[in-house]
Trainee: 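This is the structure I want to talk about, given as structure tokens.
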Amino acid sequence: MKRAWISIIMAGSTVLFSCSSEKTQVFEKTTLQKELPPSLQETEHGVEMVQLSEKEEAELNIQTIPVSRNLVEYLVMSPGVVFPAPGHSSIISTPINGQISRIYKFEGDRVKAGDILFLIQSIDFGNLVSEYLQAYAEERYQRNRLNRLKQLVEETISSASELERVSSEFERASAILRANYSRLRAL
């Protein structure tokens with residue numbers, strides 16, 4: 001029985017010794033590998049180009065296509081409910097009467113400074129522009145008339161009283177032009 005125990009102890013120590021030597025060999029093998037596999041290594045540029053030969057493509061059954069840059073439009077639709085934002089709305093008014101002829105922005109659209117919201121056709125504005133153009137033409141006519149009359153007075157062909165009358169008409173035309181211009185600028 002003593003021999004049986006001794007043989008069991010010897011067999012157990014042999015097995016134990018052989019297992020511990022295998023563990024040290026496995027441990028030594030893993031510690032010897034100091035680098036990561038190439039697939040896990042980081043590259044300098046973050047992108048690594050892989051080129052396959054025709055034989056490798058056939059063996060791996062890989063289909064390659066050239067990459068191109070194109071603009072692609074996507075339409076994304078999602079259900080939802082739009083609620084007005086009372087803190088971000090404004091009342092828009094105009095200083096002149098008119099009729100809206102075209103609308104560019106609608107309720108709920110984003111609006112930036114300088115965006116055109118709508119176009120207004122206004123008879124009042126048209127009349128103001130017309131009056132300004134008439135006053136501009138009259139002022140130009142009176143200026144030319146005054147310059148002609150100054151030449152005639154210098155040559156003593158026309159009287160000084162005529163020059164004074166034309167000068168006052170020119171001043172009146174200039175005042176009307178400035179008034180019409182101010183009314184347009186006020187809008």
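Computed from a predicted structure; not experimentally measured.
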Trainee: Checking Ser161 now: which residues fulfil side-chain hydrogen bond (donor to acceptor under 3.5 Å, both in side chains) with it, not counting sequence neighbours?
Mentor: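 Ser161 satisfies side-chain hydrogen bond (donor to acceptor under 3.5 Å, both in side chains) with Ser159 only.
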Trainee: Would one find more than 12 heavy atoms of other residues, nucleotides or ligands at under 6.0 Å from atom CD1 of Ile123?
Mentor: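 12 or below, so no.
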Trainee: For Glu54, look at atom CD and say whether over 12 heavy atoms of other residues, nucleotides or ligands are found less than 6.0 Å away.
Mentor: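 No - once you tally the heavy atoms of other residues, nucleotides and ligands closer than 6.0 Å, there are 12 at most.
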Trainee: By the salt bridge (Lys or Arg N to Asp or Glu O under 4.0 Å) test, which pairs, at least two apart or in different chains, include something from residues 141-151?
Mentor: Glu139-Arg143, Arg145-Glu169
Trainee: Could you tell me the separation between the CG atom of Leu146 and the OG atom of Ser167, rounded to the nearest 0.5 Å?
Mentor: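 If I round to the nearest 0.5 Å, the distance is 5.5 Å.
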Trainee: Using salt bridge (Lys or Arg N to Asp or Glu O under 4.0 Å) as the criterion, list what pairs up with Glu138, not counting sequence neighbours.
Mentor: none
Trainee: Please confirm whether the backbone N or O of Asn97 pairs with a side-chain atom of Ser122, one donor and one acceptor, at under 3.5 Å?
Mentor: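 Yes, the answer is positive, given that a donor and an acceptor are paired below the 3.5 Å cut-off.
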Trainee: Would you please name every residue forming a salt bridge (Lys or Arg N to Asp or Glu O under 4.0 Å) with Asp115, sequence neighbours left out?
Mentor: Lys105
Trainee: Does Leu133 share a hydrophobic cluster with Leu128, counting links as ILVMFWY side-chain heavy atoms below 4.5 Å and allowing steps through other members?
Mentor: yes
Trainee: Just verifying a value: how many Å separate Gln142 CD and Asn144 CG, rounded to the nearest 0.5 Å?
Mentor: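 Gln142 atom CD to Asn144 atom CG measures 9.5 Å (nearest 0.5 Å).
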Trainee: Quick one: are Val111 and Leu117 in side-chain contact, heavy atoms under 4.5 Å?
Mentor: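 Val111 vs Leu117: side chains touch.
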Trainee: Short question: side chain of Asp109, backbone of Phe106 - any donor-acceptor pair under 3.5 Å?
Mentor: yes
Trainee: Do you know the tightest heavy-atom contact between Ser168 and Arg165?
Mentor: OG-O, 2.7 Å
Trainee: Just how far is it from atom CD of Glu154 to atom CG of Leu163, taken to the nearest 0.5 Å?
Mentor: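 Result: 9.5 Å between the selected atoms.
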Trainee: Just list the side-chain donor-acceptor pairs under 3.5 Å for residues 171-182, sequence neighbours left out, or say none.
Mentor:
| from | atom 1 | to | atom 2 | distance (Å) |
| --- | --- | --- | --- | --- |
| Ser174 | OG | Phe170 | O | 3.1 |
| Asn180 | OD1 | Arg183 | NH2 | 3.2 |
| Asn180 | ND2 | Glu131 | O | 3.3 |
| Asn180 | ND2 | Ile176 | O | 3.3 |
| Ser182 | OG | Arg178 | O | 2.9 |

Trainee: Are Phe125 and Leu184 side-chain neighbours, meaning at least one heavy-atom pair lies under 4.5 Å?
Mentor: yes
Trainee: Between Ile103 and Leu119, does the side-chain contact (heavy atoms from CB on, under 4.5 Å) criterion hold? Intermediate values first, please.
Mentor: CA-CA 7 Å; Ile103 299 173; Leu119 292 179; over 6 Å; no
Trainee: What pairs with Arg110 under side chain to side chain contact (heavy atoms under 4.5 Å, CB included), at least two apart in sequence or on another chain?
Mentor: none
Trainee: What residues form a side chain to side chain contact (heavy atoms under 4.5 Å, CB included) with Ile157, not counting sequence neighbours?
Mentor: Leu152, Glu155
